[in-house]
2 protein chains.
Amino acid sequence: MPRRGRPRRFDRDRALRIAMELFWEHGYEGTSLSLLTESMGITSTSLYAAFGSKEELFREAVELYNSADDLMSDRALNRYPTAKRAIEALLRENADAYTDPSTPRGCMVVLAATNVTTANKSVHDYLAHCRKNDYAVVRARLNRGVAEGDLPPTTDTAAMAAFYLTVLHGLSIQARDGCSNAAAHAIIDRAMLAWEATCANGSG
Amino acid sequence: MPRRGRPRRFDRDRALRIAMELFWEHGYEGTSLSLLTESMGITSTSLYAAFGSKEELFREAVELYNSADDLMSDRALNRYPTAKRAIEALLRENADAYTDPSTPRGCMVVLAATNVTTANKSVHDYLAHCRKNDYAVVRARLNRGVAEGDLPPTTDTAAMAAFYLTVLHGLSIQARDGCSNAAAHAIIDRAMLAWEATCANGSG
DNA sequence: CCATTTAAGTATCGAACGACACATAATTGC
DNA sequence: GCAATTATGTGTCGTTCGATACTTAAATGG
């Protein structure tokens, strides 16, 4: 059903995707309104009418990023029967994404607001909240492994989730510093070696 | 020997240390000139006279940070006879520093310029260069371990250095997100478990 | 046809940014 | 004492920041 009034002339989804890539690459404060409007091909007036404010646009961009990332992560975590293979798949698929030449390097949630002005603390906090959520997802998959018996009941899933998330976050820095896809996977090789040692009686 | 002209009224080293902490906490672009001058207790004129520019001040601040950090890292890496214990000490001492309540959380070199405007790409590149250097130091210690026989000659020291540096970088994000000192060490526990698996015939 | 609604374009707002011109103050060397 | 040198304080430069007021354009509904 067509809405009243003059129809929008630009593709909102396409504009949002462009904004996402800019924020992903340059971060929240590193992406100016003028860079946004130039790249999106709209005026600041249209941007504010369609997205509300720079911060609201950023949050929508993060949601768009997460919608794709969560889809990938959920598939990786649920495709394999054991927690070990699930976590390894999560790491490897993210490593592929982080080094994909067609998108900015590293993870937007990790890199886009690590250092901001005090005025934009809320932006930093929003991404920190996203990271907490990622941690919860990883830990939930480990807990499932314990429940299903492929991880020993004594497993410290909190510490284990923290470890693999630390590796994942570190990979974002490596990716930004230009590491190759192969180098990223070599790092994951070593991270996975810790698994058996941590869960000596694990079957996964 | 006293220099000619009117003597400086503020303590340059103290002012630099204050600038370092601000840049450490808020990042390069997140720290404005006005925040710097207010905190340092000097005017912008004095700042420019003493340090040249905001970027030059930042570089001096990073050098100050690195001078302390390198001292700690070098001591950690050389205090123990085996590469394993040296790397573990490096990780643990950095974890303590990252969670020290008397200083900003995480590593300045990792966090202070992850996202910047294109105009300040040189600042980002400078920190990336510092990280490359840290990698070289870690790898050199591993190579020494191979040379001294506590690591097997087949050890892939490049990949191993990349792995432990990834953990170290990831720890900066964890620290920024508020993880406890104990949680950081628990992460390192797991990172070290990968060691034996990587170097099955290592004696360290 | 005309009121209503929504978007686009122009032009600009006040604030903050990094940086500096200029005049003044305090020291050294002769 | 006086020139030379260096630091300080006041004030402000031009730019860019995020955000809007206002006008004009294009659609719908009666």
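Just so we're on the same page: letters track the sequence lines, and every chain starts at 1.
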If only atom types and distance count, is the side chain of A:R85 paired as donor or acceptor with the main-chain N or O of A:Y80 below 3.5 Å? no
For A:R4 and D:dG29, what is the distance between atoms CZ and C1' respectively, to the nearest whole Å? 5 Å
Is it true that a side-chain atom of B:T157 and a backbone atom of B:R139 form a donor plus acceptor pair closer than 3.5 Å? no
Tell me: OH of A:Y48 to P of D:dG18, nearest whole Å? 7 Å
Separation of A:F51 atom CZ from C:dA8 atom P, in whole Å? 11 Å
Taking atom types as modelled, is there a side-chain donor on A:T82 or A:D150 under 3.5 Å from an acceptor on the other? no
Nearest-Å distance, CZ (A:F10) to C1' (C:dT6)? 12 Å
Rounded off to whole Å, could you give me the CG-to-P distance for the B:D11 and D:dA7 pair? 14 Å
Please report the distance, rounded to the nearest Å, between CZ in A:F58 and C1' in D:dG18. 16 Å
Whole angstroms only, please: what is the CZ-P distance between B:R8 and C:dT28? 15 Å
Sub-3.5 Å donor-acceptor pair from the side chain of B:K132 to the main-chain atoms of A:D177, do we have one? yes
Is A:K84 reaching over with its side chain to a backbone N or O of A:M192, donor-acceptor style, under 3.5 angstrom? no
Using a cut-off of 4.0 Å between protein heavy atoms and nucleotide atoms, how would you tag nucleotides 9-17 of chain C 5' to 3' with B, S and -? BBB-----S
Relative to the ring of A:F58, is the ring of A:F23 parallel (under 30°), tilted (30 to 60°) or perpendicular (over 60°)? perpendicular
